[in-house]
Student: 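Attaching a single structure in structure tokens format; questions to follow.
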Amino acid sequence: MIKLYNTLSGKKEEFIPINPGRVTMYACGVTVYDYSHLGHARGAVIFDLVQRYFRRKGFDVKYVRNFTDVDDKIINRALQEGITPSEVAHKYIEAYQEDMKRLGVGRPDVEPKATEHISEMIEVIRGLIAKEHAYVLDGDVYFRVTSFKEYGRLSKRNIEDLKAGARVEVDERKTDPLDFALWKASKPGEPAWESPWGPGRPGWHIECSAMGFKHLGETFDIHAGGKDLIFPHHENEIAQSEAFSGKKFVNYWIHNGFVNINQEKMSKSLGNFFTIREILDQYDGEIVRLFLLSTHYRSPIDFSDTNLKDARAGLDRFYTMKEGISKFVAGKKAPGSRPEELIETTDRHLYEKILTLPKAFEEAMDDDFNTAFAIGLIYDLVRDVNKFLAEVDKKNEDAAYSILSSAAASFENVSRTLGIFLRQPEEWFKKGRLGDSKVTIPVERIEELIHLRNEARAKKNWAEADRIRKTLDEGGVELFDRADGTVWKPK
RNA sequence: GGCGGCGUAGCCAAGUGGCUAAGGCAGAGGUCUGCAAAACCUUCAUUCAUCGGUUCAAAUCCGAUCGCCGCCUCCA
């Protein structure tokens with residue numbers, strides 16, 4: 001049973017799909033007017049994981065994440081860059097796709113663009129006008145907030161409070177200051193589509209309703225987005241959708257917390273943001289992904305160098321263990337039948353823990369996608385497996401094989417869902433860690449120096465060995481002499 | 001001003017009524033190692049912002065206080 005925190009009720013609720021075994025899910029994507037920042041990455045990573053988790057649990061999932069490709073900011077950007085708005089949108093969609101790929105975020109089933117759903121939006125607006133939930137003003141169309149009695153239910157506000165605190169400059173023509181635009185008449189030179197109210201473009205909120213309707217139906221299971229979208233975006237979506245269809249729009253609303261810097265929300269307006277690609281220049285995508293998953297998705301997460309380094313250290317530890325397992329298993333044959341019987345009683349507990357990891361993982365994930373706890377479970381078992389590896393020589397070989405190959409399988413099982421810890425250790429140590437390093441020596445030269453140093457070591461020429469170590473150290477390379485050979489890592 | 005949230009060890013972070021308050025990083029001591037690191041072992045919160053209350057029992061529920069943050073304007 002999956003429980004998730006529903007913003008609508010303010011509580012964790014058992015997930016009950018509209019159609020048994022199926023999940024329809026919509027996540028608000030990005031407005032493509034610039035490179036996306038780490039805050040956007042957080043939502044993308046967590047909701048990608050949510051839909052993957054539903055699939056793991058056997059649900060047939062339809063996951064939709066949109067691109068807002070028509071908007072004031074895109075128009076402004078186009079003027080700045082001297083290209084058309086659609087060129088701006090195209091450029092940043094491409095960039096977003098690259099960023100997502102590097103973060104291990106899969107492509108949703110549908111990635112609708114607002115500009116490709118203009119006629120659907122017009123239909124919804126037309127319906128809202130017919131039902132007197134909307135009105136036309138000089139080529140603009142506004143939604144009449146007071147016509148929807150449940151307005152404020154999601155964000156837990158009432159219309160009076162909103163009016164009292166309103167900081168919006170009031171457009172005197174609107175019937176009510178809270179009314180929001182469904183359709184905006186275009187000024188000359190702006191992107192425009194024909195409509196019953198004259199040439200114009202859609203307001204922001206209407207796209208998600210129209211695209212949700214089209215791809216998922218008038219009522220769907222889950223709608224996701226950042227906490228900052230609760231009001232007004234999602235509140236407005238509910239109002240216009242339910243006023244139009246007369247049906248409940250969405251059963252479960254889930255919202256992720258912000259990425260903070262020095263306890264402040266990372267945002268464009270504060271100017272304290274890092275784009276995903278800036279961060280990926282320094283840290284491998286897997287580090288960033290692990291960092292984002294190591295805090296519960298509804299809590300704020302503080303972006304800092306220390307926290308990224310912690311994530312990197314965690315990956316080092318995991319891959320060191322994975323390497324240990326591979327080294328042991330390599331070259332050995334799988335034992336015959338019932339090797340479990342050879343496992344010593346002292347290792348029974350470990351074996352049990354290994355076999356139940358996927359189940360424990362699911363218990364954590366079932367509880368509102370508690371990835372932080374799930375990762376804790378993995379680290380906990382890493383420690384136990386390392387302990388076992390440290391004395392594996394004393395163990396029965398078949399039993400050890402059985403334990404370690406089971407461990408590899410269990411880790412693989414949960415890693416596949418989390419989208420981390422999936423690489424080969426060599427690849428992690430040679431490539432993954434290189435991203436943020438200050439390694440100034442070419443890899444071939446490093447290997448060559450290591451070879452020379454080992455020749456010196458073989459002759460017990462420690463002075464020469466240490467000189468080479470120092471040279472590499474100055475080039476940002478750290479050496480580790482292990483029983484099975486010398487390994488290097490970026491500092 | 002309205003609404004919402006948060007405050008757990010040096011740092012990050014789970015836990016939201018009841019076994020020893022997960023896990024990680026950093027630190028300390030040890031095993032190992034030419035040196036070093038990794039790995040392993042040991043250690044590291046009688047206590048959960050503060051003060052009251054409810055309860056047989058609270059980090060977990062209630063109230064107050066202090067501090068921080070978010071939304072109310074485009075925002076993941």
Side-chain angles (χ1 to χ4, degrees), chain A residues 7 10 12 27-31 33 36-47 65 68 71-73 152 155-158 160-169 178 204 224-233 235 255-260 262-270 273 290-291 294-296 298-302 304 306-314 316-318 320-321 323-324 364 367 370-383 385-391 456-457 460-463 465-466 469 473 478-483 486-489:
Chain A
T7 307
K12 275 187 206 171
C28 283
V30 290
T31 301
Y33 72 103
S36 297
H37 62 65
L38 192 60
H40 302 111
R42 187 179 193 193
V45 166
I46 188 69
F47 299 131
R65 188 189 61 211
T68 299
D71 171 86
D72 287 347
K73 284 187 290 231
S155 55
K156 295 169 182 62
R157 293 150 209 248
N158 60 56
E160 285 65 43
D161 290 341
L162 285 165
K163 281 178 183 164
R167 287 189 280 153
V168 211
E169 72 254 37
L178 297 175
W204 173 36
K227 270 191 158 80
D228 47 1
L229 297 183
I230 295 171
F231 190 90
H233 184 53
E235 196 69 71
H255 293 97
N256 66 279
F258 303 130
V259 175
N260 287 171
N262 300 322
Q263 350 268 7
E264 271 189 331
K265 179 185 174 186
M266 177 183 288
S267 76
K268 289 271 185 180
S269 44
L270 287 169
F273 63 91
L290 173 59
F291 160 70
S294 54
T295 297
H296 185 90
R298 282 190 285 116
S299 302
I301 185 170
D302 214 51
S304 71
T306 316
N307 292 344
L308 270 294
K309 292 241 162 72
D310 275 3
R312 192 182 63 181
D316 276 348
R317 216 161 72 90
F318 186 87
T320 299
M321 176 216 67
E323 198 171 32
D367 184 15
N370 195 339
T371 53
F373 189 82
I375 290 166
L377 289 170
I378 293 174
Y379 285 145
D380 190 37
L381 192 53
V382 166
R383 194 189 50 223
V385 170
N386 272 331
K387 203 168 173 176
F388 182 82
L389 278 168
E391 48 197 35
R457 288 175 71 221
K460 298 200 190 296
N461 184 352
W462 309 128
D466 289 344
R469 180 197 282 282
D473 185 79
E478 213 177 345
L479 295 185
F480 309 98
D481 298 320
R482 298 192 188 163
T486 301
V487 179
W488 68 274
K489 293 178 184 177

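Values below: every heavy atom of this structure, side chains too, minus hydrogens, waters and symmetry copies.
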Student: Does B:rC41 have its OP1 or OP2 closer than 4.0 Å to a side-chain nitrogen or oxygen of A:K387?
Tutor: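 Looking at the OP1 and OP2 atoms of B:rC41, one of them is under 4.0 Å from a side-chain N or O of A:K387.
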Student: Among B:rG34, B:rG2, B:rA76, which nucleotide sits nearest the side chain of A:R157?
Tutor: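 The nucleotide sitting nearest to the side chain is B:rG2.
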Student: Using the C1' atom on both, measure B:rG29 against B:rA76 and round to a whole Å.
Tutor: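 Rounded to whole Å, the distance is 46 Å.
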Student: Can you list everything that forms a side-chain contact (heavy atoms from CB on, under 4.5 Å) with A:S304? Sequence neighbours excluded, please.
Tutor: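 Only A:T306, A:N307 meet the side-chain contact (heavy atoms from CB on, under 4.5 Å) criterion with A:S304.
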Student: Measuring from the side chain of A:K73 (C-beta onward, heavy atoms only), which nucleotide among B:rA39, B:rC3, B:rC74 has the closest atom?
Tutor: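 Given the options B:rA39, B:rC3, B:rC74, the side chain of A:K73 is closest to B:rC74.
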Student: With 3.5 Å as the limit, what N/O pairs link the protein to nucleotides 35-38 of chain B?
Tutor:
unit_1	atom_1	unit_2	atom_2	d
B:rC35	N3	A:R469	NH2	2.7
B:rC35	N4	A:D481	OD2	2.4
B:rA36	N6	A:D481	O	3.0
B:rA36	N1	A:D481	N	2.9
B:rA36	N3	A:R469	NH2	3.3

Student: Ring of A:Y33, cation from A:K268 - is the NZ or CZ under 6.0 Å from the centre and inside 45° of the axis?
Tutor: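 Yes, A:K268 lies over the aromatic ring of A:Y33.
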Student: Could you tell me how far B:rU8 sits from B:rC48 if I compare only their C1' atoms? Round to whole Å.
Tutor: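 Rounded to whole Å, the distance is 4 Å.
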Student: More 5' along RNA chain B: A:G29 or A:Y379, using each one's nearest nucleotide?
Tutor: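 Upstream on the strand: A:Y379.
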Student: Would you tabulate the nitrogen or oxygen pairs shorter than 3.5 Å linking the protein to nucleotides 11-15 of chain B?
Tutor:
unit_1	atom_1	unit_2	atom_2	d
B:rA14	OP1	A:H296	N	2.6
B:rA14	O3'	A:N370	ND2	3.0
B:rG15	OP1	A:N370	ND2	2.8

Student: Could I get the full list of side-chain contact (heavy atoms from CB on, under 4.5 Å) partners for A:K387, not counting sequence neighbours?
Tutor: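 If we apply the side-chain contact (heavy atoms from CB on, under 4.5 Å) test to A:K387, skipping adjacent residues, there are no hits.
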Student: Should A:K265 be listed as having a side-chain N or O under 4.0 Å from OP1 or OP2 of B:rC71?
Tutor: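 Yes, because at least one side-chain N or O of A:K265 sits under 4.0 Å from OP1 or OP2 of B:rC71.
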Student: Go through the structure and list residues passing ring-ring contact (aromatic ring centres under 6.0 Å, His included) with A:F318, not counting sequence neighbours.
Tutor: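 ring-ring contact (aromatic ring centres under 6.0 Å, His included) list for A:F318, sorted by chain: A:F411, A:F421.
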Student: Using purine N1 to pyrimidine N3 plus N6-O4 or O6-N4 for Watson-Crick, or N1-O2 and O6-N3 for G-U wobble, each under 3.5 Å, what pairs with B:rG4?
Tutor: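 B:rG4 is paired, partner B:rC69.
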Student: Tell me yes or no: between the side chains of A:T31 and A:D71, is some donor less than 3.5 Å from an acceptor?
Tutor: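 No, A:D71 and A:T31 have no side-chain donor paired with an acceptor closer than 3.5 Å.
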Student: With sequence neighbours excluded, what pairs up with A:S155 under the side-chain hydrogen bond (donor to acceptor under 3.5 Å, both in side chains) test?
Tutor: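 With neighbours one apart ignored, the set is A:R157, A:E235.
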Student: Name the closest nucleotide to the A:P232 side chain, picking from B:rG23, B:rG34, B:rC74.
Tutor: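 So the side chain of A:P232 is nearest to B:rC74.
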Student: Any idea which of B:rC40, B:rC74, B:rA76 is nearest the A:A390 side chain?
Tutor: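 Of all the options, the side chain of A:A390 is nearest to B:rC40.
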